[in-house]
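For reference, the structure discussed in these notes is given below.
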Amino acid sequence: MAGLEERTRYEPSEVEPRITQRWRDSGIDHPEPEGTPDENFSIAVPPPNVTGVLHMGHALNGSIQDALIRWHRMHGARAKWILGTDHAGIATQKQVEKRLAEQGRSRVELGREQFTQEVWKWREEFGGQIVGQFQRLGASLDYEDERFTLDEGYVKAVLKVFVDLYDDGLIYRDHYMVNWDPGLGTAVSDLEVEEREKTDTLYSIAYSDEITVATVRPETLLGDTAVAVHPDDDRYQHLIGTTVTVPLTGRDVPVIADEYVKTDFGTGALKITPGHDPNDFEIGRKHDLGSISVIGEDGRMTAEAGDFAGLTALDARAKVVEALGDKVVEQQPYTHNVPYSQRSGERIEPLISLQWFMRMDELAKPAIEAVTSGKIRIHPPTQQRRYVDWLENIRPWCISRQLWWGHQIPVWYRGEETYVGTEPPTGDGWERDPDVLDTWFSSGLWPFATLGWPEDTAQLKAFYPTDVLSTARDILFLWVARMVMLGFRFPGDIPFRDVYIHSVIQAPDGRRMSKSLGTGIDPLALIEGGPRPPVFTQGGEFPAYGADGVRFGLLAMSSTQDVRFSEEKVAQGAQLTNKLFNASRLILLNAPDTVEPAARPSTVEDRWILSRLQAAKAEAAERIAAFDFSKLALGLYDFVFGELCDWYLELVKPRLYDGDEDAQATVLHVLRETLALAHPVIPFVTEEIWELRFGAGGGPGDLLAAQQMPGVDDALRDPAAETQVATAIEAIRVLRNWRESIDCKPKVIVRATLSGDAYGEAAPLIARMARFEWAGANGDQPGAAVPIPGGGVVQVLPTEGVDLGAADRKRDAERKRLEGEIKRAEGKLSNEKFVAKAPAELVDAEREKLDRLKAELAAL
RNA sequence: GGGCGGUUAGCUCAGCUGGUCAGAGCGCGCGCCUUACAAGCGCGAGGUCCCCGGUUCGAGCCCGGGACCGCCCACCA
């Protein structure tokens, strides 16, 4: 590594791997399971799919959670960020099946046992990649304690939950209408179904002279078991209770009355197919109709479909329409919403199937109460309503999946006997239920199963309930709500206190980031550099922004709603790291090792920066508490750039060079606290700088990550200094502006006198920063007068390089501006209503402003 | 069909309980190699705060209506 003198630029790709190693070696991310959950701090990471790779959502959520973990660790808590991955039943099985297909093999050919072995092998090979990627991001997860939703202990937890809920009557098996995914050959839950708008043909089919029905799925008429009309519909009342013959089948079915039927849609007569339509299923149950399944789980027509057996549903539709001939009295295009599987993209086939279900109403009650009572807080609160609404209308959850990869259901059958238990039954002839549980069933146990539940472990005692659960909106129901329900039911109590719902980051063009659309952006390409994907209008390569830059950028982008990805914010983060590094070089290269960091203010700028530092610390704490990560990051940027570097370091520089120990100690103190403050957001660069000066011993306890976050010291707040320096800064801006306006070269030191009593100690600072020189008038005639904030006036004396003619013109323009403002203020004050009704202090402020403007005008 | 959110500078976004709230970063223009940083520094130009009404002494901010964009929930064949 080059000496600090030579390192004029911060190089994240050189620094970050080195720092990562130090953190790993230190064991700092692995807290001992001691103390109580109240004094400890824990977060269970949303488990990424075991074969997944880090995407933008992980990177954002990782940055958020890591900021929280580091923040609380630096406040003395044992901070545990629970790590693990999800077996992700469908997704993983699909991946492995795809690879097998490429090799010309198939799941069925291998058989269940061998196939699951293949998946485990796949996991060995490609799994856990994402864990390394989290590390690259700087995530301070507990890497020594990694869990997997299919590891031994976890399986125990899952089976126990299943058996207990079965014993309590909440889990049951039933023939019920499910969302069948013909592509994957499994049932999926309601939450895995999405509606897509489609234009189909609406067929009107005459069942008799008097009854014509409308349907987009004529093939299902083969399974009709009734025709329904509205009870009050005059057109059909005489037919209620009679029968009608379903075309092509010769089957007579009853004409029933049900309020569900809309009289104003189509003909007002509805064919009822309980086997293949969720509504019809309900009506069928209500009227005791019985059902006929004409479409099978393979998406083909069953034997019940007679001549049409074996055809796909779509082919059957054409054939049925053809066979109906002139019974099809009308065809028209019809746009409606059709269910599709989110998992496979196939059109969902609603059908009746024997599946395992979980009754949710009883579990939902405490989960609703927890949120409405504020025991669990959802941020932003707008999401609370969604959560409650969903739980209040919750329906049974289909938990069985016809897959091989996952937790196999702990139920065995032998003839008419059923055995349910965490251990296999004894005796011969038992056959285990082949289905596995929905992945979200096991994920629902995440915050406590990862801590060793159902054993009464030290981990559980120390870290459950966890503190924060941070995730995106899309799994609020799928995952968060279920964790709450199961958390109450099993370990008892809430699983986490705060739920933070973060933004979804969209592609720069506003589309969803997705691999298939080609709109995804790889966080690692941003960290380490790499080609810009085509969603960017600008081509070329990303510079290596570094993990800190990416973390900062993502936090700065985040909000309570979805946001577009902004490379500029990441660049801003990288700029901040470079700025902080270089500011540190200035300080460290000029403050000898013998000087101890300490707040030893001896000038107004010292008092000012110390006061501003207290404000920065207080604001950061508020923003962490409010989950306002964008302001946390941007506030840090403003402090480091806008106050520390742009002003304080420039102001203090000469004293630093002169060996002023008070200045050196104070600057070191400010740097040290700034590093700590920034660490949760940009951990690498801060740790690196820390090591250069403050991490003396090099031991684990000497890491910045292990330090105590400095608190706010109210004794160092100094409103007077803040006002004085703020005024000076404004004055400097005005003077610089004035110089520009008269085209005065930067090198020229302008001779002038300064009048006004607001500047005090700051007067020489104004001179230096604005490149002026306060002189006695010595009989010289001032050539220009520049009023400056704070009520003072700068009288410019003849100086070589200062064009006083230009200054005159500038003065005239300024006079005009002031006259305009005075007019406006006078107008406002002559408005009787304003004077009468506006708060007195506002009116006074306006008067003061007017006086000030007049004084400025007079001074010109 | 319900519900929620958005519309502010060329771009991405801040703007708290109505009164310096018209802002930031990037981009753009001009000027500076000022001994921490040229991936830097200084200065500047850019906006009918979506539209129309209303409340108010005063409205990006509140109310009513409208337009456009996005998301969530939902069993009208």
Side-chain angles (χ1 to χ4, degrees), chain A residues 4-5 7-10 177 195 202-204 213-217 220 228 260-262 264-273 277-283 334 336-337 339 350 380 382-383 385-386 389-390 393 473-474 476-477 504 506 508 510 512 537 543 545 553 556-557 559-569 571-572 574-575 577-590 630-631 634 637-638 641-642 645-646 649-650 653 656-657 732-733 736-741 743 745-747 769-771 828 831-839 841-843 845-846 849:
Chain A
L4 190 53
E5 190 88 47
R7 295 171 69 187
T8 57
R9 218 186 311 160
Y10 176 65
M177 174 73 46
E195 304 287 327
L202 183 66
Y203 301 89
S204 295
V213 301
T215 179
V216 291
R217 305 198 61 192
T220 62
Y260 168 79
V261 182
K262 305 282 178 290
D264 56 355
F265 189 93
T267 58
L270 175 63
K271 65 191 272 309
I272 301 296
T273 319
D277 182 284
N279 307 312
D280 295 4
F281 180 78
E282 292 301 332
I283 293 171
Y334 179 66
H336 64 327
N337 288 330
T382 47
Q383 295 299 323
R385 180 172 178 170
R386 282 181 68 221
D389 282 354
W390 184 72
N393 297 300
R473 234 179 10 241
D474 54 348
L476 184 62
F477 310 148
V504 172
Q506 298 164 334
R512 205 178 166 72
T537 44
Y545 289 116
M557 265 175 248
S559 145
T560 54
Q561 62 181 87
D562 293 352
V563 290
R564 295 189 183 197
F565 179 80
S566 149
E567 187 178 343
E568 288 75 24
K569 286 282 187 291
Q572 199 182 338
Q575 255 179 359
T577 60
N578 188 54
K579 193 70 174 178
L580 193 54
F581 185 75
N582 274 294
S584 305
R585 286 180 63 232
L586 169 69
I587 295 166
L588 299 183
L589 292 172
N590 288 287
S630 171
K631 291 223 189 70
L634 293 170
Y637 181 94
D638 286 342
F641 258 82
C645 293
D646 286 355
L649 291 181
E650 293 302 331
K653 220 183 246 184
L656 215 47
Y657 291 147
I732 292 161
R733 290 216 166 103
R736 282 173 173 172
N737 193 328
W738 178 83
R739 293 178 63 117
E740 288 273 335
S741 71
D743 211 16
K745 294 280 172 274
K747 283 228 161 68
M769 299 299 286
R771 303 187 69 77
K828 213 167 178 181
N831 178 346
E832 283 172 29
K833 286 179 175 173
F834 173 74
V835 178
K837 294 196 179 180
E841 60 219 54
L842 247 151
V843 178
E846 200 61 33
K849 183 180 174 184

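Every heavy atom of this structure was used, including side-chain atoms; hydrogens, water molecules and symmetry mates were not. A, B, ... follow the sequence lines: proteins, then strands. Residue 1 opens every chain.
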(message) Please report the interatomic distance CG(A:Asp646) to CE(A:Met769), rounded to the nearest 0.5 Å.
(response) 8.5 Å

(request) Kindly say if A:Gln575 contacts the phosphate of B:rC26, meaning a side-chain N or O under 4.0 Å from OP1 or OP2. (result) yes

(request) Taking only the side-chain heavy atoms of A:Val216 (C-beta and beyond), determine which of B:rC43, B:rA77, B:rA36 contains the nearest atom. (result) B:rA77

(request) Measure from the side chain of A:Leu270, starting at C-beta and using heavy atoms only, and say which of B:rA77, B:rG31, B:rG42 lies closest. (result) B:rA77

(message) The side chain of A:Lys579 is closest to which nucleotide in this list: B:rC33, B:rA77, B:rC41?
(response) B:rC41

(request) Provide, to the nearest angstrom, the distance between the CD atom belonging to A:Glu567 and the P atom belonging to B:rG25. (result) 18 Å

(message) Students often get this wrong, so: under 4.0 angstrom with heavy atoms, is A:Lys653 touching a base, only sugar-phosphate, or nothing?
(response) base

(message) Quick check against the 3.5 Å criterion: does A:Asn590 have a side-chain atom that pairs as donor or acceptor with the backbone of A:Leu656?
(response) no

(request) Could you tell me whether the phosphate oxygens of B:rA39, OP1 or OP2, come under 4.0 Å of any side-chain nitrogen or oxygen in A:Tyr10? (result) no

(message) Side chains of A:Asn279 and A:Tyr260: any donor to acceptor distance under 3.5 Å?
(response) yes

(message) Can you classify the ring geometry of A:Tyr637 versus A:Phe641 as parallel (below 30°), tilted (30 to 60°) or perpendicular (above 60°)?
(response) parallel

(message) Looking only at the side chain of A:Arg386 (C-beta and beyond, no hydrogens), which of the listed nucleotides B:rC72, B:rA39, B:rA77 gets closest?
(response) B:rC72

(request) Find the distance between CG (A:Leu202) and NE2 (A:His336) and round it off to the nearest 0.5 Å. (result) 8.5 Å

(request) Taking only Lys NZ, Arg NE, NH1 and NH2, and the carboxylate oxygens of Asp or Glu, determine whether A:Arg217 and A:Asp277 approach each other closer than 4.0 Å. (result) no

(message) Side chain of A:Asp646 only, heavy atoms from C-beta on: which candidate in B:rA74, B:rA36, B:rC41 is closest?
(response) B:rC41

(request) In whole angstrom, give the distance that lies between atom CD of A:Glu195 and atom P of B:rC71. (result) 15 Å

(message) Measure CD/A:Glu282 against C1'/B:rA77 and give the value in whole Å, please.
(response) 16 Å

(request) Name the orientation class of the two ring planes belonging to A:Phe477 and A:Trp390 (parallel below 30°, tilted from 30 to 60°, perpendicular beyond 60°). (result) parallel

(message) What's the closest nucleotide to the side chain of A:Tyr260 if the choices are B:rC76, B:rA39, B:rC43?
(response) B:rC76

(request) For each nucleotide in nucleotides 4-15 of chain B, reading 5' to 3', give B when a protein heavy atom comes within less than 4.0 Å of its base, S when such contact involves only the sugar-phosphate, and - otherwise. (result) SSS-----BSSS

(message) Within this structure, what is the CD-CG distance for the pair A:Glu650 and A:Leu586, rounded to the nearest 0.5 Å?
(response) 8.0 Å

(message) Side chain of A:Arg473, heavy atoms from C-beta onward: which of B:rC71, B:rA36, B:rG40 has the nearest atom to it?
(response) B:rC71

(message) Just the rounded figure in Å: distance from P of B:rA77 to CG of A:Asn279.
(response) 8 Å

(request) Decide whether a cation-pi geometry holds between A:Lys569 and A:Phe565; the criteria are a distance under 6.0 Å from NZ or CZ to the six-membered ring centre and an angle within 45° of the ring axis. (result) no

(request) Can you run through RNA chain B from 5' to 3' and write each base as (, ), [, ], | or . depending on how it pairs? Watson-Crick or G-U wobble, both distances under 3.5 Å. (result) (((((((..((((.....[...)))).(((((.......))))).....(((((..]....))))))))))))....

(message) Without decimals, in angstroms, what is the distance between A:Asn337 CG and B:rC76 P?
(response) 8 Å

(message) So, taking the atom named CD in A:Glu567 and the one named CE in A:Met557, what distance separates them when rounded to the nearest 0.5 Å?
(response) 9.0 Å

(message) If I take atom CD in residue A:Gln572 and atom P in nucleotide B:rA24, what distance separates them, rounded to the nearest angstrom?
(response) 12 Å

(request) Figure out the CZ/P separation between A:Phe477 and B:rC71, and round it to whole Å. (result) 16 Å

(request) Can you tell me the distance, in whole Å, between the CD atom of A:Glu650 and the C1' atom of B:rU34? (result) 9 Å

(message) Starting the side chain at C-beta, find the nucleotide from B:rC26, B:rC43, B:rC41 nearest to A:Phe641.
(response) B:rC41

